[in-house]
Asks: 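One structure coming up, written as structure tokens, with questions to follow.
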There are 2 protein chains.
Amino acid sequence: MTERFERELMRGSLDLMVLSVLADGANYGYLIQKRVRDAGGDMIKLQAGTLYPLLHRLEADGVIKSKWDHSTGRKRKWYELTPAGRRRIRDQALQWDKYAACIQRILTPALAALPAK
Amino acid sequence: MTERFERELMRGSLDLMVLSVLADGANYGYLIQKRVRDAGGDMIKLQAGTLYPLLHRLEADGVIKSKWDHSTGRKRKWYELTPAGRRRIRDQALQWDKYAACIQRILTPALAALPAK
DNA sequence: AACAATATATCGTTGTACGATATATGTCAA
DNA sequence: TTGACATATATCGTACAACGATATATTGTT
């Protein structure tokens, strides 16, 4: 039940989280996954099977671009933000704040109306 | 694009919004929809085709219960919270706060890292 | 040699939100 | 009085994101 809730919560903000990690500088999938997981504590368990298609989608959207790195034995695909990506972070961050404020506006009086536990 | 983002954002928190409206007292679908839309400003366009299945799902979950009202010409199905519903609001409100804090924790430094527009 | 960690990728399943559509009653103006 | 609009609930097919499982290959550890 709680897992379902968390999973659905992630939808719509996961893109923004990944883009935010890239705002800190170029990075590759495996490390991005770790960064998001660390930031998420026990809330966000980002799966590889979620992340890689997500990165492909963002690239197809033109908000990130990639470059293969074969210099090490393990090949890595580095991603970085495009100008459109930076714009999207700013836009979606505003959207997110507006959305969160809206939830709070509904939630706060509701909790107040609930009988004290 | 932005519409897509908003749509996905709603997932996972829409149940909580509907339950929150019911925390204010029993209500029926059509008015619940209005309440959520009003609270959401231009962010949340809750569709009837979303709401009614959602209410059925919540009832099947045992967090709300319904009663038909035929006293007026237009029949209305009134919903109210069950004790499990009140518990769920409290639980998911905590989850939501945790989640929102986590997004902020990622978002704030990212925005700071972005070149000033 | 066996196993864990690193690293990317795809595939089928699940579940939610959407728009369209259906149905029916009440209200108000032309 | 007829037509339009708001009220009121419901279902259906579609789209799509996140999941878990699986595949593949390299590097580090025991």
Side-chain angles (χ1 to χ4, degrees), chain A residues 1-19 26-38 40 43-61 63-64 66-79 92 99, chain B residues 1-19 21 26-38 40 43-61 64 66-79 92 99:
Chain A
M1 193 272 280
T2 289
E3 302 102 42
R4 153 154 271 86
F5 180 61
E6 287 176 16
R7 182 195 308 198
E8 297 298 332
L9 266 188
M10 281 178 50
R11 292 185 69 139
S13 36
L14 201 46
D15 286 17
L16 183 53
M17 282 192 260
V18 168
L19 290 174
N27 214 330
Y28 59 93
Y30 192 78
L31 278 192
I32 294 171
Q33 186 187 21
K34 293 211 159 178
R35 292 271 310 261
V36 172
R37 281 184 160 178
D38 288 349
M43 289 293 291
I44 297 165
K45 296 127 182 41
L46 173 57
Q47 305 294 322
T50 299
L51 177 62
Y52 291 106
L54 185 159
L55 288 168
H56 302 160
R57 206 193 318 139
L58 291 177
E59 186 169 24
D61 263 22
V63 289
I64 61 177
S66 69
K67 199 163 51 176
W68 278 102
D69 171 21
H70 295 92
S71 71
T72 52
R74 281 193 197 89
K75 59 195 167 76
R76 289 167 180 163
K77 201 169 177 180
W78 289 81
Y79 288 96
Q92 293 198 346
Y99 185 72
Chain B
M1 192 271 280
T2 288
E3 302 101 43
R4 154 152 271 83
F5 180 61
E6 287 175 18
R7 183 195 307 197
E8 297 298 330
L9 267 189
M10 280 178 50
R11 294 185 67 137
S13 35
L14 200 47
D15 286 18
L16 183 52
M17 282 192 263
V18 168
L19 291 175
V21 168
N27 214 330
Y28 60 92
Y30 192 78
L31 277 192
I32 295 172
Q33 186 188 21
K34 293 210 158 181
R35 293 269 312 257
V36 171
R37 282 182 157 177
D38 288 349
M43 289 293 292
I44 296 165
K45 296 132 182 35
L46 173 57
Q47 305 295 321
T50 300
L51 177 62
Y52 291 106
L54 186 161
L55 288 168
H56 302 161
R57 206 194 316 137
L58 291 177
E59 186 169 25
D61 264 23
I64 60 178
S66 69
K67 198 163 49 175
W68 279 103
D69 171 22
H70 295 92
S71 69
T72 52
R74 282 193 197 89
K75 60 195 166 78
R76 291 166 179 163
K77 202 171 177 180
W78 289 81
Y79 289 95
Q92 293 199 346
Y99 184 72

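Below, chains carry the letters A, B, ... as their sequence lines are ordered, and counting in each starts from 1.
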Asks: For A:H70 and C:dA7, give me the distance from atom NE2 to atom P, rounded to whole Å.
Replies: 14 Å
Asks: In whole angstrom, what separates B:F5's CZ from C:dA17's P?
Replies: 15 Å
Asks: Starting at the 5' end of DNA chain D and moving along, which residue's nearest nucleotide shows up first, A:R74 or A:T50?
Replies: A:T50
Asks: Using a cut-off of 4.0 Å on non-hydrogen atoms, how would the nucleic acid contact of B:G49 be classed: base, sugar-phosphate, or nothing?
Replies: base
Asks: Given that B:L54 and A:Y79 both sit by DNA chain C, which one's nearest nucleotide is further toward the 5' end?
Replies: A:Y79
Asks: Are A:E8 and B:L14 side-chain neighbours, meaning at least one heavy-atom pair lies under 4.5 Å?
Replies: no
Asks: Is a side-chain donor or acceptor of B:Q33 paired with a backbone partner of B:L51 at a separation under 3.5 angstrom?
Replies: no
Asks: How close do A:N27 and A:L31 get, heavy atom to heavy atom, and via which atoms?
Replies: OD1-CB, 3.2 Å
Asks: I need the CH2-P distance between A:W78 and C:dA7, as an integer number of Å.
Replies: 9 Å
Asks: Tell me: CG of A:D69 to P of C:dA7, nearest whole Å?
Replies: 10 Å
Asks: Where does the chain B footprint on DNA chain D start and end, counting 5' to 3' with a 4.0 Å heavy-atom cut-off?
Replies: D:dA6 to D:dA17
Asks: How many whole angstroms separate atom CD of A:Q33 from atom P of C:dA5?
Replies: 13 Å
Asks: Specify the residues of residues 8-17 of chain A, ordered by number, for which at least one heavy atom lies under 4.0 angstrom from an atom of DNA chain D.
Replies: A:M10, A:R11, A:G12, A:L14
Asks: It should be established whether B:Q47 places a side-chain nitrogen or oxygen under 4.0 Å from OP1 or OP2 of nucleotide C:dG19.
Replies: yes
Asks: Atom CG of B:L46 to atom C1' of C:dG19: distance rounded to whole Å?
Replies: 13 Å
Asks: Taking side chain as C-beta onward, heavy atoms only, is B:Y52 less than 4.5 Å from B:Y30?
Replies: yes
Asks: Does B:R57 put a side-chain nitrogen or oxygen below 4.0 Å from OP1 or OP2 of C:dA17?
Replies: yes
Asks: Specify the residue among A:K45 and A:G73 whose closest nucleotide of DNA chain D lies further upstream toward the 5′ end.
Replies: A:K45
Asks: Check whether A:Q92 reaches the backbone of B:F5 with its side chain - one donor and one acceptor, N or O, closer than 3.5 Å.
Replies: no
Asks: Quick one: A:L31 CG to C:dA5 P, roughly how many Å, whole number?
Replies: 16 Å
Asks: Calculate, to the nearest 0.5 Å, the distance between atoms NE2 and CG belonging to B:H56 and B:L58 respectively.
Replies: 10.0 Å
Asks: Can you confirm whether B:K45 is buried at NZ, in the sense that more than 12 heavy atoms of other residues, nucleotides or ligands lie under 6.0 Å from that atom?
Replies: yes
Asks: What are the two closest heavy atoms between B:S66 and B:K77, and how far apart are they?
Replies: OG-CE, 3.5 Å
Asks: Apply the test side chain to side chain donor-acceptor pair (under 3.5 Å) to residues A:S13 and B:Y99: give CA-CA distance (whole Å), side-chain angles for both, the deciding distance (0.1 Å), then the verdict.
Replies: CA-CA 10 Å; A:S13 36; B:Y99 184 72; 2.5 Å; yes
